Number of protein chains: 2
Amino acid sequence: MAHRRSDVLAHAVALLDTHGLSALTMRRLGSELGVQPSAIYHHFASKQELLAAVADEILARGARPRTAVAWPDRLREVCTELRLAMLACTDGADVVATVWAFGLGAAGPVSELEKVLADAGAPADLAAVASRTLLHYVFGHAFEEQTARQAVSLGAVDRPLESLPDFDLGLDLVVDGLRARLA
Amino acid sequence: MAHRRSDVLAHAVALLDTHGLSALTMRRLGSELGVQPSAIYHHFASKQELLAAVADEILARGARPRTAVAWPDRLREVCTELRLAMLACTDGADVVATVWAFGLGAAGPVSELEKVLADAGAPADLAAVASRTLLHYVFGHAFEEQTARQAVSLGAVDRPLESLPDFDLGLDLVVDGLRARLA
DNA sequence: ACCTGAACACCGTTCAAGT
DNA sequence: ACCTGAACACCGTTCAAGT
């Protein structure tokens, strides 16, 4: 019955996938692994640490090859990968954004955005601001989209999905602001 | 010992102000009012409904007069008011952003942003995208700033506040993207 | 209108002890 | 290295009943 850290993590991600964040409790995770809740603490020091590992796994799972060469397309590629990775998992946006906000992980996308901007000739402070602005946009948009999607699927609300503003349109708004500064 | 809904709400806000979101529980709120937790449910159907009222109160408390006439300055005014209102209260950004994301309230700022953009001649879809992009930026920035501030004040982290990107700089990025489309 | 008392069904976390 | 068993200190919510 011995589990490794990776077994516990895999089951945590599966639990999130199938039943959402509210089902991802230490007690439920333990019982589904046939183990006491306290046994999880042998592998993860806290639920926060577990969630950080889950967030990193969500991002790793959503990795896609990079093809674009121009910086605006590179930015779009990173943002789109991040968005799709979060949307691919129940409550994925909530988990990744929370883990990022508390500085516990999920730092990959922002450092990649910063690198793309630095390579495009942006000074460090502009790269820092712009990468975080893009990240906040992707988080906010994905969180809203996911919340609306789930509200509809639960029959709680009949607001149609089409009323949500388009993802790429908002992205272009920020990219255009950047273009003016990097020209 | 009879309390009105407004008494309960006022104490909930005070509790948030002084001890943060983790202290805002139905049980603690009840005990500080000298009442059973179940008594709160006479005034609010659920904790979510209470939180929505708290978020609206945070925004109402932070209201400031509008002075700008040009639309870019109007946008900045609304975003700055929203930001300061959230920062003025412990975990204010978390509460307001969560309530907004779940469609339970805090809709004032976004509809005001949409109105400013419509008056500036933006088509409805651009106004919708841009207002949400701005909102996501303000939420994300404020949440990060507040989280970092609290981490520092708790001595948990020594990352200095100055390393945070400037609020107005990110705002200008989006405004410039808009300027190109409204010229 | 406003509240009590008691229950229901949960949480995260700690820790001595076991194998 | 991995886990048990039991406890500690909590949660939100419901509901019949009281004033």
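Each chain gets a letter, A, B and so on, in the order its sequence line appears, and its residues count up from 1. Note that the structure is a prediction, hence the values are computed from the model and not measured. When reading the values below, keep in mind they use all heavy atoms of this one structure, side chains included, and skip hydrogens, waters and symmetry mates.
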Open item on the list: Would you call the rings of Tyr137(A) and His136(B) parallel, tilted or perpendicular, taking 30° and 60° as the class edges?
Closed with: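 Ring orientation, 0 to 90° scale: tilted.
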TODO: Would you please classify the geometry between the Phe139(B) ring and the Trp100(B) ring as parallel, tilted or perpendicular, with 30° and 60° separating the classes?
DONE: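 Judged by the thresholds at 30° and 60°, the geometry between Trp100(B) and Phe139(B) is tilted.
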Review item, side-chain donor-acceptor pairs of residues 23-31 of chain A, under 3.5 Å, at least two apart:
{"unit_1": "Thr25(A)", "atom_1": "OG1", "unit_2": "Arg28(A)", "atom_2": "N", "d": "3.0"}
{"unit_1": "Arg28(A)", "atom_1": "NE", "unit_2": "Glu32(A)", "atom_2": "OE2", "d": "3.1"}
{"unit_1": "Ser31(A)", "atom_1": "OG", "unit_2": "Arg28(A)", "atom_2": "O", "d": "3.2"}

OP1 or OP2 of [N] versus the side-chain N and O atoms of [X]: is any pair under 4.0 Å?
X        : N      : answer
His43(A) : dA1(D) : no
His42(B) : dA1(C) : no
Gln36(B) : dG5(C) : yes

TODO: Treat primed atoms plus P, OP1 and OP2 as sugar-phosphate and everything else as base, then score nucleotides 13-19 of chain D 5' to 3': B for base contact with protein heavy atoms under 4.0 Å, S for sugar-phosphate contact only, - for none.
DONE: BBB----
- [ ] Find the distance Arg4(B):CZ to dC3(C):C1' and express it as a whole number of Å.
- [x]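 Value for this atom pair: 16 Å.
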Using atom [atom1] of each nucleotide, how far apart are [N] and [M] to the nearest Å?
N       : M       : atom1 : result
dC2(D)  : dA17(C) : P     : 22 Å
dC10(D) : dA9(C)  : P     : 23 Å
dC11(D) : dA7(C)  : C1'   : 14 Å

- [ ] Can you figure out which of dC2(C), dC2(D), dT4(D) approaches the side chain of Val35(A) most closely?
- [x]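 Per side-chain heavy atoms of Val35(A), the pick is dT4(D).
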TODO: State whether the side chain of Glu112(B) and the backbone N or O of Val78(B) hold a donor-acceptor pair below 3.5 Å, judged by distance alone.
DONE: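 The answer is no, because no donor-acceptor pair under 3.5 Å joins these two groups.
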Report the distance from atom [atom1] of [X] to atom [atom2] of [Y], rounding to the nearest 0.5 Å.
X         : Y         : atom1 : atom2 : result
Thr133(B) : Leu178(B) : OG1   : CG    : 8.0 Å
Thr80(B)  : Asp168(B) : OG1   : CG    : 6.0 Å
Asp176(B) : Leu173(A) : CG    : CG    : 10.0 Å

Open item on the list: Between Glu77(A) and Arg64(A) (salt bridge meaning N to carboxylate O under 4.0 Å), is one present in this structure?
Closed with: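 So Glu77(A) does not pair with Arg64(A) through a salt bridge.
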Open item on the list: Show me the dot-bracket string of DNA chain D, counting Watson-Crick or G-U pairs under 3.5 Å, with | for pairs to another strand and [ ] for crossing ones.
Closed with: ||.|||||...|||||.||
Side-chain donor-acceptor pairs under 3.5 Å in residues 50-57 of chain B, sequence neighbours left out?
{"unit_1": "Asp56(B)", "atom_1": "OD1", "unit_2": "Ala106(B)", "atom_2": "N", "d": "3.1"}

TODO: Return the residues of residues 5-21 of chain B meeting this criterion: a heavy atom under 4.0 Å from some atom of DNA chain D. Order them by number, or give none.
DONE: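 Heavy-atom contacts with DNA chain D come from no residue of residues 5-21 of chain B; none.
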TODO: State which residues pass side-chain hydrogen bond (donor to acceptor under 3.5 Å, both in side chains) with Asp7(A); sequence neighbours excluded, sorted by chain then number.
DONE: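 side-chain hydrogen bond (donor to acceptor under 3.5 Å, both in side chains) check on Asp7(A) returns nothing, list empty.
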Open item on the list: Ignoring hydrogens, what is the shortest heavy-atom contact between Glu144(A) and Arg132(B)? Give both atom names and the distance.
Closed with: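 Taking Glu144(A) first and Arg132(B) second, the nearest heavy atoms are OE1-NE, 4.0 Å.
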